[in-house]
Amino acid sequence: MRRPFLKTAASLALGHACGFARPSMAATSEARDVVVVLDSGEARITLIDRTTHRIVGGFPVGKEPHHLLATPDERAIVVASAVGNELIFLDPGSGRRIGSHAGIDDPYQIGFSPDQRWFVVNCLRLNRVDFYRYGGGSEFHIARRLELGELPSHIAFTADGSKVFISLQGSNQVAAIDIATQSVLWILDVGPAPAGVWLTPRDAVLLVALTGSDRVVAIDWRRRRIVKQIVTGEAAHNFRSAGDGRRVLLSNRIACSISLIDLAALEVVGQIRGLRPGPDDMEVSSDRRWLWTTFRFARSVGVIDLSAGQLVDVIEVGRSPHGLFLRDRAPYYDNLPGPQAGA
């Protein structure tokens, strides 16, 4: 059910290891531009028409789907079913299911390395990070299961794909891992319940959102030390590029706000307040006008006019909406080339 908030301004089967089967014309013509929302608490996906903001479909999916991202060739969306122990593949245009891959343990957060050779899985329940060699399409080959600290949560890659940073929510730490050898380079104490991790342009600084606090810490990761603390709002949680290479958005779950951080000055330069409880994952439209966000604690998704800094619409969805995906989106990361995607 859609609940208007304010009037808007613009209202596979998998081919085994060979790639994805192409959806039929009927499947892709019903909803050519949908927003995909993962209702984690209901093991369900909701599909929203991007223009009308109306729900146009939905279907059951594996247990606890939390995060999703596009494959490197952008032919499919990968949904991580954490408790279902599988990956589910959707058509990016229609949101329809086109395949699955079983036997992926506890995929909570997932990411493809920039060189497209590796697929990294944070296994939140199992307290480990799994590394798969990626061969394209549905081709994943386990290379190593790396035991780590408690509750590995979010992922950030260096632009050259040589390193990955993992936040450890239960250990209050961040780990740096060498991808080629899948070995830990260092582990650093950063503060309570770290979640989102973000590299600024040219991999200059690593930002870590502290969900157990009201701030982000900026880390000189080469020297392994915190160089600045940025106060944002209570339960600072997850990042998303504003799409301009200069600023990053940061959701504050308990403060019910989204902060805008200047990546050069490492300072908050704007706040979007008065949101529903639990703003979490975010997407930005390609024209950088609209910001979509899930409200994790309010069974809804919000649409924000970035030019005005105001919430303009709320769409009611399922319980505990977490990840979401917008095909026509601004570049996701600030340190990587191209329209990368992830949440």
Side-chain angles (χ1 to χ4, degrees), residues 67 69 72 80 104-134 140-213 215-230 236 238-239 241 248 263 266 332-337 340 342:
H67 294 101
L69 80 170
I104 305 292
D105 291 348
D106 187 21
Y108 174 73
Q109 180 66 280
I110 54 177
F112 290 99
S113 63
D115 59 11
Q116 303 179 15
R117 296 175 56 195
W118 297 93
F119 182 67
V120 178
V121 176
N122 279 355
C123 307
L124 187 81
R125 288 181 293 112
L126 302 177
N127 293 331
R128 77 172 193 237
V129 178
D130 289 354
F131 291 82
Y132 294 82
R133 298 185 188 277
Y134 181 60
F140 302 89
H141 304 283
I142 187 68
R144 186 174 183 185
R145 305 187 194 280
L146 180 64
E147 301 293 333
L148 212 54
E150 294 181 17
L151 307 181
S153 181
H154 287 63
I155 298 170
F157 294 96
T158 55
D160 64 4
S162 66
K163 300 174 185 66
V164 62
F165 299 97
I166 307 291
S167 58
L168 303 171
Q169 281 199 46
S171 303
N172 300 333
Q173 298 170 318
V174 167
I177 300 171
D178 179 83
I179 294 181
T181 61
Q182 303 96 57
S183 59
V184 176
L185 296 171
W186 50 260
I187 296 179
L188 181 69
D189 293 332
V190 293
V197 283
W198 196 262
L199 281 160
T200 63
R202 297 174 298 282
D203 296 334
V205 174
L206 178 68
L207 302 179
V208 182
L210 303 180
T211 304
S213 180
R215 64 199 58 209
V216 167
V217 292
I219 299 171
D220 180 340
W221 58 271
R222 295 172 179 86
R223 297 183 179 181
R224 308 178 197 179
R225 61 188 180 92
I226 295 173
V227 295
K228 191 169 186 178
Q229 299 197 28
I230 309 165
N238 198 23
F239 296 101
S241 174
V248 68
L263 292 170
L266 299 180
Y332 193 90
Y333 294 113
D334 290 304
N335 71 316
L336 304 184
Q340 301 289 330

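Remark: aromatic rings of Phe157 and Trp118 are distant, center separation not under 6.0 Å. Tyr132 and His141 have their aromatic ring centers separated by at least 6.0 angstrom.
The two atoms that bring Arg145 and Asp130 nearest to each other are NH1-OD2, 2.9 Å, heavy atoms only. The two atoms that bring Ala159 and Asn335 nearest to each other are CB-O, 3.3 Å, heavy atoms only. In terms of heavy atoms, Val216 sits closest to Ala209 at CG2-CA, 4.1 Å.
Between Trp186 and Phe165, the angle of the ring planes lies from 30° to 60°, which puts this pair in the tilted group. Below 30°, between 30° and 60°, or above 60°: for Tyr333 and Trp198 the angle between ring planes is between 30° and 60°, a tilted geometry. Below 30°, between 30° and 60°, or above 60°: for Tyr134 and Phe119 the angle between ring planes is between 30° and 60°, a tilted geometry.
Using modelled atom types and a 3.5 Å distance limit, the side chains of Gln173 and Asp189 yield a donor-acceptor pair. Residues Ser241 and Asp334 bring a donor and an acceptor atom of their side chains to less than 3.5 Å of each other. Checked by atom type, the side-chain pair Gln169/Ser153 shows a donor-acceptor distance below 3.5 Å.
Ion pairing between a basic and an acidic side chain is recognised when a charged N comes within 4.0 Å of a carboxylate O; Arg128 and Asp105 show such pairing.
Not a single donor-acceptor pair under 3.5 Å links the side chain of Trp221 to the backbone N or O of Leu199.
Side-chain contact between Ser113 and Val120 is absent, with no heavy-atom pair separated by less than 4.5 Å.
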